[in-house]
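Labels below follow one simple rule: chain letters A, B, ... track the order of the sequence lines, proteins then strands, and each chain is numbered from 1. Model, not experiment: these values are computed from the prediction.
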Amino acid sequence: MQSKLKQLLFDALAVLAADAKLPADLLVSLPIQVERTRNPEHGDFASNIAMLLTKDVGMRPRDLAALIISALPACALIDQVLVAGAGFINFYLTKSAQRKVIADVLQLGEKYGCCDIGLGQSAIVEFVSSNPTGPLHVGHGRGAAYGASVADLLETIGYKVHREYYVNDAGRQMHILATSIWLRYLELSGEDIALPGNCYRGDYIIEIARRLRVEYGEKLRRSVELLYQDLPIDGKDGGDADFYIDAMVARAKDLLGDDYEAIFQRGLTTIIADIREDLEEFGVVFQEWFYESALHKSGDVARSIARLHELGHIYEKDGATWFRATDFGDEKDRVVIRENGQYTYFAADIAYHLNKYGRGFDLIVDVLGSDHHGYAPRVQAFLKAAGLDVSKLIIPLVQFAILYRGKTKVQMSTRSGEFVTLRELRKEVGNDAARFFYVMRKNDQHLDFDLDLAKSQSKDNPVYYIQYAHARVCSVYRQLEERNLDWDMTEGLLNLHLLAKEHEDVLVRCLGRYAEVLQQAALKYEPHLVAHYLQELANDFHAYYNAEQFLVDDAKLRYARLCLIAATRQVLKNGLFLLGVSAPETM
RNA sequence: GCGUCCGUAGCUCAGUUGGAUAGAGUACUUGGCUUCGAACCAAGGUGUCGGGGGUUCGAAUCCCUCCGGGCGCACCA
């Protein structure tokens, strides 16, 4: 509708230019804006074009607006066009044009709201990508919910979407994990073990160790004396904790030989399986789990650095290998190969992004935690260095969620292993409330997640408010059958002009905004717009429900009203689906 | 210190590429079920949009500055 109105305005200006009433060069780079009005008194759409042109033309805005209106081609969908305010051109659609949305929704069903502005291009959305060193916690949950909705939104506007989880299985942390598991294994074997300050704790480590015990028996056992022989001093005893744990890892590799790899792999696969199951239960499914280690094994990391080297963006300093990121807008140069010869995480990430570009995606979305916001310039720097199109890469940031129980903050501590896991959260508040609450706020805003509110089955809870609207519509159709009344949809669509009540106008108007909201949400990577829209739609429906009867004796009116609420139900369902929330028929 | 995001009603937050009288929810008060689910609706008021300056027909929105917060500033990932 907006594009149609823009075209009408363009045509009007062209006519005026042809008649020499306006300068012809206006049309060249003219950004015609048409936006939906906030206030129904101002019609359905408005354009500020007259105010923008007032200077170039040398006319007063209201006079120019009137002139443009006089040149507008006729359009059957438009009831009237008026000048208002400082020079706005307000478009009032005919009622039948507004009500057409009802037929559109009913005809298209689940597809309603989709469009093809993505042109079938391919997009990759990488999200969650939490280190496989433990279960997902509530912070990861927001990235999961957000990324999943962004991916779904991109699909609705016509992208082919590939959802990917990047598994960081190549770093130091993974070795600390493997070592932590082994120490627990030794402990379960009856050894007296002092856990290093920097190792992973948490029951899941013990559980993995227990299974190793069952499977391998004593095979992984080694001498504890050799283990502790000549180790440096741990952090808690006044030494360097990092130095200590690294020495411990090295010792574990020494003593275990080939068995070390078995423990490492067991830790990795167990935790990834857990994360995967957790996410699937949460309604978040990936097309691909991409392993960082694969980039190392294939030689992609080495080749990527070599490529930058050939381009002259690599240099040696202090025994390390650096990428000259400052040449491309980053604030400092970055190490890619450490003094000890190992690649940094960033080096692997360069290879990973080259890989993504190499796969030919038209749009690349990296969802990151906001604590990584300093990382973006680094990635963009090497993309520039490699001569790649930086604009293809979008990096939305997700702020942390802070849990509350009523007014009191829930303390989270990863160190003690007593953090609140996503699984615990889902169990407590349910998947629907969790998914909705996570995306209810703008992604780059802090989220106060009130557990009590999310659990409450009351009007305070926006999830139930929306779901209740859906269930209520469903209930009406159950009543329809019980009362032996009928609903003829085709007949209803022919009688939409009977929907003349104010609540019906409001509801129709709201339905008409859905497609725009989806596009906006998708293009801006902001699913919270959908969440807010659904609350408005539910509100308009509830108000209508309380004001009017649907199951009236007048058959034509009944048909028409049932069409309207059926369309409402469909849009509620489509919107909730995008957010990963169920649309129950009863509650 | 530098970078970055943010500061909107008592609280939690929206506010579309700069638009018309800045909006929801919540809290508080009151009213509404013999008729489709009261997990609902209706009515009631609240703002120096953190302060100041600038850009213009027009600023919560863009620029500068100050105040106050979050996050980042590794040869960690």
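Within 4.0 Å (heavy atoms only), Thr321(A) reaches no atom of the nucleic acid at all. Within 4.0 Å of Ala46(A), counting heavy atoms only, lies at least one base atom of the nucleic acid. Residue Gln549(A) is classed as a base contact, given a heavy-atom separation below 4.0 Å to a base. Within 4.0 Å (heavy atoms only), Gln445(A) reaches sugar-phosphate atoms of the nucleic acid but no base atom. Using a 4.0 Å heavy-atom cutoff across all strands shown, Asn48(A) reaches at least one base atom of the nucleic acid. Using a 4.0 Å heavy-atom cutoff across all strands shown, Ala469(A) reaches no nucleic acid atom at all. Asp242(A) comes within 4.0 angstrom of no nucleic acid atom, judged by non-hydrogen atoms across all strands. Residue contacts shown for Leu529(A) are limited to sugar-phosphate atoms, with no base heavy atom under 4.0 Å away. Here His528(A) lies in heavy-atom contact (under 4.0 Å) with sugar-phosphate atoms only.
Look at CZ on Arg38(A): it is 11 Å from C1' on rG18(B), rounded to the nearest Å. Whole-Å rounding puts the His446(A) NE2 to rC11(B) C1' distance at 17 Å. When the C1' atom of rA39(B) is taken as reference, atom CD of Glu585(A) falls 18 Å away, rounded to whole Å. In this structure, the CD atom of Glu536(A) is 13 Å from the P atom of rG23(B), given to the nearest Å. Arg478(A) places its CZ atom 9 Å from the C1' atom of rG37(B), with the value rounded to the nearest Å. We find that CZ of Arg483(A) is positioned 10 Å from P of rU35(B), with the value rounded to whole Å. Atoms CD (Glu548(A)) and P (rC36(B)) sit 15 Å apart, rounded to a whole Å. Tyr352(A) places its OH atom 17 Å from the P atom of rA77(B), with the value rounded to the nearest Å.
Comparing rC5(B), rC73(B), rA77(B) by their nearest atom to the side chain of Tyr375(A) picks out rA77(B). Of the candidates rA20(B), rG25(B), rG37(B), rA20(B) carries the atom nearest the Asn90(A) side chain, counting heavy atoms from C-beta on. Of the candidates rC36(B), rA77(B), rU17(B), the closest approach to any side-chain atom of Gln33(A) belongs to rU17(B). Listed candidates were rG19(B), rA77(B), rC36(B). Nearest to the side chain of Glu35(A) is rG19(B). Side-chain atoms of Met51(A) lie closest to rG19(B) of the nucleotides rG19(B), rC41(B), rC5(B). Taking the side chain of Phe550(A) as heavy atoms from C-beta on, and the options rC36(B), rA42(B), rA77(B), the nearest nucleotide is rC36(B). Nearest to the side-chain atoms of Glu331(A) among the listed nucleotides rG37(B), rA14(B), rC73(B) stands rC73(B). With rU17(B), rC36(B), rG70(B) as the candidates, the nucleotide lying closest to the side chain of Ser475(A) is rC36(B). In this structure, the nucleotide among rC71(B), rU17(B), rA14(B) sitting nearest to the side chain of His373(A) is rC71(B). The side chain of Ala471(A) sits closest to rG37(B) out of rC36(B), rG37(B), rC41(B).
Judged by a 6.0 Å distance limit and a 45° cone about the ring axis, Arg569(A) is positioned over the six-membered ring of Tyr477(A).
The existence of a salt bridge linking Arg509(A) and Asp44(A) is confirmed by a sub-4.0 Å separation between a basic side-chain nitrogen and an acidic carboxylate oxygen.
Close to rA42(B), at under 4.0 Å from its OP1 or OP2, lies no side-chain N or O of His503(A). A sub-4.0 Å separation between OP1 or OP2 of rA39(B) and a side-chain N or O of Tyr464(A) is absent. The phosphate of rC41(B) (OP1 or OP2) has a side-chain N or O of Tyr465(A) nearer than 4.0 angstrom. Remark: Arg472(A) is in phosphate contact with rA38(B), judged by side-chain N or O atoms under 4.0 Å from OP1 or OP2.
Between the side chain of Asp371(A) and the base of rG72(B) there is no donor-acceptor pair of N/O atoms closer than 3.5 Å. Evaluation of atom-type donor-acceptor distances gives no pair under 3.5 Å for the side chain of Arg36(A) against the base of rU16(B). Side chain Asp169(A) to base rA77(B): no donor-acceptor pair is found below 3.5 Å.
Of the two residues near RNA chain B, Ala320(A) and Phe45(A), the one whose nearest nucleotide lies more 5' is Phe45(A). In terms of position along RNA chain B, the nucleotide closest to Lys524(A) lies nearer the 5' end than the nucleotide closest to the other residue of the pair Glu292(A) and Lys524(A).
Using modelled atom types, one finds no donor on one side chain facing an acceptor on the other under 3.5 Å when comparing Asp452(A) with Tyr404(A). A side-chain donor-acceptor contact under 3.5 Å links Glu164(A) and Tyr352(A).
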Enumerate, atom names and distances included, each donor-acceptor pair closer than 3.5 Å involving a side-chain atom of residues 371-380 of chain A, sequence neighbours excluded.
| residue | atom | partner | partner atom | Å |
| --- | --- | --- | --- | --- |
| His373(A) | ND1 | Ser370(A) | O | 3.0 |
| Tyr375(A) | OH | Asp349(A) | OD2 | 2.9 |

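Here the side chain of Arg441(A) pairs no donor or acceptor atom with the backbone of His446(A) at under 3.5 angstrom. Between the side chain of Asp333(A) and the main chain of Ala325(A), a donor-acceptor pair closer than 3.5 Å is present. A distance-only check finds no donor-acceptor pair linking the side chain of Arg142(A) to the backbone of Gly369(A) [under 3.5 Å]. Between the side chain of Asp169(A) and the main chain of Glu292(A), a donor-acceptor pair closer than 3.5 Å is present.
Ile181(A) has its side chain out of reach of Phe264(A): every pair of non-hydrogen atoms, C-beta onward, lies at least 4.5 Å apart.
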Pairs: protein N or O with nucleotides 29-33 of chain B N or O, under 3.5 Å:
| residue | atom | partner | partner atom | Å |
| --- | --- | --- | --- | --- |
| rG32(B) | N2 | Asn546(A) | ND2 | 3.1 |

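Between rA22(B) and rA60(B), the distance separating the two C1' atoms is 8 Å to the nearest Å. For the P atoms, the distance linking rA42(B) with rA27(B) amounts to 15 Å, nearest Å. A distance of about 37 Å separates the P atoms of rA38(B) and rA20(B), rounded to the whole Å.
Across all strands shown, rU21(B) remains unpaired; no Watson-Crick or G-U wobble contact has both distances below 3.5 Å. Applying the Watson-Crick and G-U wobble criteria (two distances, each under 3.5 Å), rG37(B) pairs with nothing in any strand. With both pairing distances under 3.5 Å, rC71(B) is matched to rG3(B) as a Watson-Crick or G-U wobble pair. Pair assignment for rU26(B): rG10(B), on the basis of Watson-Crick or G-U wobble contacts that are both within less than 3.5 Å.
Residues Val530(A) and Ala521(A) approach most closely at CG2-CB, 3.8 Å, considering heavy atoms.
Ring-to-base geometry places Phe88(A) in a stacked arrangement with rA20(B) (centre distance under 5.5 Å, plane angle under 30°). Residue His532(A) and nucleotide rA24(B) are not classified as a stacked aromatic pair, given the requirement of ring centres less than 5.5 Å apart at an interplanar angle below 30°. Stacking annotation: His542(A) is not stacked on the base of rA38(B) (requires ring centroids less than 5.5 angstrom apart and an interplanar angle below 30 degrees).
In summary, of the residues considered (Leu368(A), Asn443(A), Val150(A)), a side chain to side chain contact (heavy atoms under 4.5 Å, CB included) with Pro396(A) occurs for Asn443(A) alone.
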